[in-house]
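Numbered from 1 within each chain, the chains take letters A, B, ... in sequence-line order.
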Number of protein chains: 2
Amino acid sequence: MEDSDTVLGKALAILRAFGPADSVLPLAELVRRTGLAKGTAHRVAGDLVHHRLLDKTDHGYRLSGGLFELGLRAATERTLLEMAMPFLQDLYERTHETVHLGVREGHEVVYVAKIGGHRQASSPSRTGGRMPLHCTAIGKVLLAYASEDEQTAVLTAPLERRTAHTVIAPGLLRRQLVNAVETGVAYEREESTLGLLCVAAPVLAPDGLTAIAGISVAGPTGRFRPESHANAVRAAATGLGSTLARRRP
Amino acid sequence: MEDSDTVLGKALAILRAFGPADSVLPLAELVRRTGLAKGTAHRVAGDLVHHRLLDKTDHGYRLSGGLFELGLRAATERTLLEMAMPFLQDLYERTHETVHLGVREGHEVVYVAKIGGHRQASSPSRTGGRMPLHCTAIGKVLLAYASEDEQTAVLTAPLERRTAHTVIAPGLLRRQLVNAVETGVAYEREESTLGLLCVAAPVLAPDGLTAIAGISVAGPTGRFRPESHANAVRAAATGLGSTLARRRP
DNA sequence: GGCGGCGTTCCACTCAGCGGTACGCTCTTT
DNA sequence: AAAGAGCGTACCGCTGAGTGGAACGCCGCC
């Protein structure tokens, strides 16, 4: 899978063997997932423990707090998170629904923050997790402001159908993207998860042409009307955009 | 400084060369901080870029989004964060002051979350950042529930004086710790930063003897009365504690 | 009591990694 | 303009860190 011919490659293969859902993996499982020789995996994992990227428990290995800490040193994501927090708070307080902040990475969204209360709609998104661009509200606004090339790259590739409502027709999706640029918001209606609705707005760079991130509000079908939160989401996104512009000349 | 005799050690030396404040470091600076040979540093950094842990810009290297993502896969911190979020939200909404969630790592607190509004008190804490145990409210509650050995280890070591109000007398500090266990909250009054007050409560494991994390509310001298938020902080912490107990038997 | 899967240890081979050296570039400085 | 300092990049022969196959002891399960 990965090029694990170098030591570093092996180490990363082990670290990346942990999926979003795994908490602790035994050595044998690491060997299976990485394809490394047992002896090698054992030693490299041991080194990683020594360097505080892995914790060793009775039942196997686990990604450690040191890695968590290191990850939060990533400058762009961290400052984005810090600058965004007040706006996300405002948005949450106004809506009391799940609020997301996400950036684009390749053909997917990576969620930088997810905040919600006790009664939040169950959604598959997780902080630090990924979702496809084409079936999420944030994904759509990010895609709408991506370069023409990247846009067509996504649209021409086969679009994964997540639910019966997932938009997999490139034409319809492109129309939604155009609409997103015109109105400043994009919607998702049970396209990634049944029972989940979502509105998102783009956080634009000073040039007004590229999207740095996206902010969304998500809620369950029934009580939740995404349209009624469009203004709030747009306000939060543009507010964050201009704050970023002020600090990053 | 670090044992960088192995490849992995060198790679980590480079990654950890990034302080909390650095966003982009040129190769020469990495060489200076790590003490690696220029050729070696260049190659290892290149490998790290290839493995998406570093980004290369015109002005140097930067910790990448891939690292951010990987860090958020760390199971314990991530689930703690996710389970805690609703309680932190409640707390913020009730107080409208800066809310922290922190865990202990060695003799320091690591902040897992920091949420606040636009008018938050300026504090040195950052998400993913560290602070000494003895001069922060969360640090005190965590230390109060640490093992006897660890407690004395911290108390006997010289305590860094951060401000004129920092408690550096081991006796006084120990009394504060005892008081924290009795009352369920600890305070910090301008002990880490001038103008900053703080209340914290411990998130206890089911056994009621060990602290998993700490929650705090911080605000500026003047308008902010830490005592008046003691109950709210305690409620959030115990609420989170029992929720964690339910999910982690 | 035999069997399969697990974590751990050992060891001789070899190629990945090493770091000194050298080059070209862009800024300052004189 | 010339000289210099500091930077990023590229090259290359030596060597020991890293490799992975094999072997061992340990459970828990049929």
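Interatomic distance, OG1 of A:Thr98 versus CG of A:Leu196, reported as 7.5 Å (0.5 Å rounding). For the atom pair A:Leu15 CG and B:Leu70 CG, the distance stands at 5.5 Å (nearest 0.5 Å). Rounding to the nearest 0.5 Å places CG of A:Leu67 at 10.0 Å from CD of A:Glu69. For the atom pair CG of B:Leu244 and CE of B:Met83, the computed distance is 4.5 Å after rounding to the nearest 0.5 Å.
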Could you write out each protein N or O paired with an N or O of nucleotides 25-30 of chain D at a distance under 3.5 Å?
none

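Between A:Glu191 and A:Lys140 a salt bridge is recorded (basic side-chain N to carboxylate O distance below 4.0 Å).
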### Task
Using a 3.5 Å limit on both pairing distances, list the dot-bracket string of DNA chain D from the 5' end; Watson-Crick and G-U wobble pairs count, crossing pairs take [ ], interstrand pairs take |.
||||||||||||||||||||||||.||||.
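The aromatic rings of B:Tyr111 and B:His100 are tilted relative to each other, their planes meeting at an angle between 30° and 60°.
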### Query
What string of B, S and - do you get for nucleotides 7-20 of chain D 5' to 3' if you count protein non-hydrogen atoms under 4.0 Å?
SBB--------SBB
### Task
Under the side-chain hydrogen bond (donor to acceptor under 3.5 Å, both in side chains) rule, what do B:Ser147 and B:Glu150 come out as? Steps first, then yes or no, please.
CA-CA 5 Å; B:Ser147 77; B:Glu150 291 173 305; 3.2 Å; yes
### Task
Show your reasoning for whether salt bridge (Lys or Arg N to Asp or Glu O under 4.0 Å) applies to B:Glu29 and B:Arg33.
CA-CA 6 Å; B:Glu29 183 61 23; B:Arg33 297 194 186 190; 2.8 Å; yes
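Between B:Thr166 and B:Leu159 there is no side-chain heavy-atom pair separated by less than 4.5 Å. Under the 4.5 Å side-chain criterion, counting only non-hydrogen atoms from C-beta, A:Phe18 is in contact with A:Leu25.
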